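First up is the structure itself, then whatever we jot down about it.
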2 protein chains.
Amino acid sequence: MELDERKLKILQAVIKTYLETGEPVGSRTISKMPDLNLSSATIRNEMADLEELGYIIQPHTSAGRIPSDAGYRLYVDQMMAEKALKREEEEERQEEHDALLAKVDRLEHLLQQVAKVLAYNTNYATMVTAPNYKNTKVKFIQLSQVDEQQLLAVIVVEGNVIKNKMIKVEEPLANDELLKFNVLLNSFLTGLSLQEINLELIQTMKQQAGMHAVLLEHIFEGVMDAVRSAEELEVYTSGANNILKYPELGDANKASELLEVLEEKKALNQLIESTGDDADNQYGIQVYIGDETPIQTMNDCSLVTATYELEEGVRGKIGIIGPKRMDYDKVVTTLKNLTNELDTIFKNKT
Amino acid sequence: MELDERKLKILQAVIKTYLETGEPVGSRTISKMPDLNLSSATIRNEMADLEELGYIIQPHTSAGRIPSDAGYRLYVDQMMAEKALKREEEEERQEEHDALLAKVDRLEHLLQQVAKVLAYNTNYATMVTAPNYKNTKVKFIQLSQVDEQQLLAVIVVEGNVIKNKMIKVEEPLANDELLKFNVLLNSFLTGLSLQEINLELIQTMKQQAGMHAVLLEHIFEGVMDAVRSAEELEVYTSGANNILKYPELGDANKASELLEVLEEKKALNQLIESTGDDADNQYGIQVYIGDETPIQTMNDCSLVTATYELEEGVRGKIGIIGPKRMDYDKVVTTLKNLTNELDTIFKNKT
DNA sequence: TGTTAGCACTCGAATTGGTTGAGTGCTAAC
DNA sequence: GTTAGCACTCAACCAATTCGAGTGCTAACA
């Protein structure tokens, strides 16, 4: 059996109405559509075929049909393909800037705000990861004496992300020693990516410095800590409550598990990092349906991810989590516009 | 009518069993308790009285009784009074340290961890506010040249909380100018509390400095920004999913509203700041039942707050949100132990 | 006077049975 | 290949019924 033109049309009709209503779709509903002029009986035959092909499912004998994961998949693929064609015409129309985003300054706040706005606009749960700094380079590094017993290490990496670390010392450093340290640190580390700063390098630095070893050790440890904390990926979430708005997810147990995942930043990070590369399609937008999602808890959900770029090579991800019957079209469009908007914001800023 | 000894006992029995079961408590259940030897009929009479006094409620004619807010109130007050008496004996027994908290270093992470552990231990939703820095003093302040067009302002306040701010400049400052600035800033601002740094002060500083006004303006603005951002209160939440575990809150609408509040940090802050001062009782623990909670959305919940002290005068709050029939005893004990533990951690640390 | 046994009563919750109607699959005719 | 028609299925809904936990009240008892 083949999926001919007509079957496809019927399938799309089923899915579309199911997305709208959330209830199983019967043959009569479809037959009444003006688009394709067929009796309910014919539709029934076709629907039986579609079920055999695995695109739709009957919850019970005397009910209408709902899309299977495979059905959604087909639908989404189709949609994405269409979007790819329409691309040029639309490109110009997305000028309206979101006032909510414009005035935010600090990256953390911006990303949190992005998650919030997105959740508000789509009515789904959202998450935004901070960009991965591993590939960014150290721009500036500085030790200062805060008080008798404490040094402060400040590290700025490209993208103007700032990390701080307090370092305890037994006794204050002399001014010229501090200066020496700063010169040393800067000359060695500036321009390196965080990835390239490793123990080996530190060793050679130590040899070069040739100063009181214990103190040195301590300070380097602190600096390394700061570097490491810059690598830590932050995740911002919003709209968790939206999950409860969809009855198919709203049962207390499932919803509770989902919420738990949304709180568990590590899991989230893994989740969103395990989604494929943006190279897969021209918008960097990917759709995971049901079992395709990387986490078991989300098997009743769909996940749509997009990639934004803070600057060359420094990327973060945006994710939207909703029921399988989410409004894929709207979500994809919104994400597309949003990433564009972020692009312009970042390009003007940095 | 009076609330005599026996009535009180019965009331407590009703509340206790209701806390455990979550279902209306009938007269027979109480009469079977070994503690007070009375027939169900007598209990019924007493319960009728208790209802008239407003301590318990009958959901419908042929059901048992559940506590009213007033009933809970009485129960909690009683409990707190008892705890106050038992205080000394217990004091020594709370030595077991929570391994999960010991190794955390940065304050943000520690507080987040506190929220998490607390949520895990109690099965309620939790929130922890970062301490209020308004009263803390500036310890250290520094401007550095990061690159051609950017200055970095770093401010450290007591409690070792660090704030950063990037400041754009048209052209790089000369080294001696920068030095001058730093001296100026430090001499004026160090030792002041964040509250005391205001426009007036800035004005006098400007006059003193007497340099190119525009640049100055810019820099001060940046510094002020950093100061302001230090004032911003952070709130860490955890265990939001626990809300769904209690049927009386689990209906989709209410739960959704609650979750929304938990996400809205500003609202949370207001909420927890509006709770009274810790002076009210010796543990700094307060219980808000039903309508007593400061937010309408929480009228079906109870809120228990505690205060911790990072150092003299620098305090934050911890809140636990659960159903009205939460296990007050456990919650209060847990909070008491936790604040003690935090005390020892902070005293060893700083 | 306080306590208790007994009893009629109430009312939500659970069970049952019947009805409805949306939807199906199949067959036969067009 | 399409469609009208028909028998069939089954969740959803509703009403009637039962069940039982719990009540309030009264009368008897200590």
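Source: prediction; values computed, not measured. Numbered from 1 within each chain, the chains take letters A, B, ... in sequence-line order.
Put simply, CD1 on Ile56(A) is 9 Å from P on dG25(C), counting in whole angstrom units. One can place CD1 of Ile66(A) at 13 Å from P of dT24(C), the figure rounded to the nearest angstrom. Rounded to an integer number of Å, the gap from CD of Glu51(B) to P of dG22(D) is 15 Å. Residue Asp49(A) contributes atom CG, which lies 11 Å from atom P of dG1(D) at whole-angstrom precision. Residue Glu23(B) contributes atom CD, which lies 10 Å from atom P of dA13(C) at whole-angstrom precision. Residue Ile57(B) contributes atom CD1, which lies 17 Å from atom C1' of dG22(D) at whole-angstrom precision. As a whole-Å value, the separation of Ile43(B) CD1 from dT23(D) C1' is 14 Å. Across the protein-nucleic acid pair, Gln58(B) atom CD and dT10(C) atom P stand 14 Å apart, rounded to whole Å.
The side chain of Ser62(A) has dC10(D) as its nearest neighbour among dC10(D), dT3(C), dC6(D). In the set dG24(D), dC10(D), dC11(C), dC10(D) carries the atom at the smallest distance from any side-chain atom of His60(A). The side chain of Ala41(A) approaches dG5(D) more closely than any other nucleotide in the set dG23(C), dG5(D), dC10(D).
Dashed line: the shortest gap from a side-chain N or O of Arg6(B) to OP1 or OP2 of dT3(C) is under 4.0 Å. Within the 4.0 Å cut-off from OP1 or OP2 of dT24(C), at least one side-chain nitrogen or oxygen of Ser27(A) is found. OP1 or OP2 of dC10(D) lies within a sub-4.0 Å distance of a side-chain N or O belonging to Thr61(A). Residue Arg65(B) places at least one side-chain N or O under 4.0 Å from the OP1 or OP2 atom of dG24(D). Dashed line: the shortest gap from a side-chain N or O of Arg28(A) to OP1 or OP2 of dT24(C) is not under 4.0 Å.
Nearest-nucleotide mapping onto DNA chain C: of Val25(A) and Asn45(B), the residue sitting toward the 5' end is Asn45(B). The residue among Arg44(B) and Arg44(A) whose nearest nucleotide of DNA chain C lies closer to the 5′ end is Arg44(B).
Salt bridge Asp69(A)/Arg73(A): absent, no basic N to carboxylate O contact under 4.0 Å. A salt bridge is defined here as a Lys NZ or Arg NE, NH1 or NH2 lying under 4.0 Å from an Asp or Glu carboxylate O, and Lys324(B) with Asp300(B) fails to meet this definition. Residues Glu20(A) and Arg325(A) are not paired through a salt bridge, judged by the lack of any N-O separation under 4.0 Å between the basic side chain and the carboxylate.
When only modelled atom types and interatomic distance are considered, Thr237(A) and Lys265(A) share no side-chain donor-acceptor pair under 3.5 Å. Side-chain contact check for Lys245(B) and Asn242(B): at least one donor-acceptor pair (N or O, by modelled atom type) lies under 3.5 Å.
At the heavy-atom level, Ala63(B) lies under 4.0 Å from the strands shown only through sugar-phosphate atoms. Across all strands shown, Thr42(B) has heavy atoms under 4.0 Å from base atoms, whether or not it also approaches the sugar-phosphate.
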Discussion item. Using the rule given for side chain to side chain contact (heavy atoms under 4.5 Å, CB included), can you reason through Asn337(A) versus Thr333(A), listing the C-alpha separation, both sets of side-chain angles and the distance that settles it, and then say yes or no?
Written reply: CA-CA 6 Å; Asn337(A) 289 341; Thr333(A) 317; 4.1 Å; yes

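The closest donor-acceptor contact from the side chain of Thr42(A) to the backbone of Leu38(A) lies at 3.5 Å or more, if one exists at all. In this structure a side-chain-to-backbone donor-acceptor pair under 3.5 Å is present from Gln58(A) to Ala63(A).
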Worksheet item: Given the rule that a pair is Watson-Crick or G-U wobble with both distances under 3.5 Å, how would you write DNA chain C in dot-bracket, using | for pairs to a different strand?
Response: ||||||||||||||||||||||||||||||

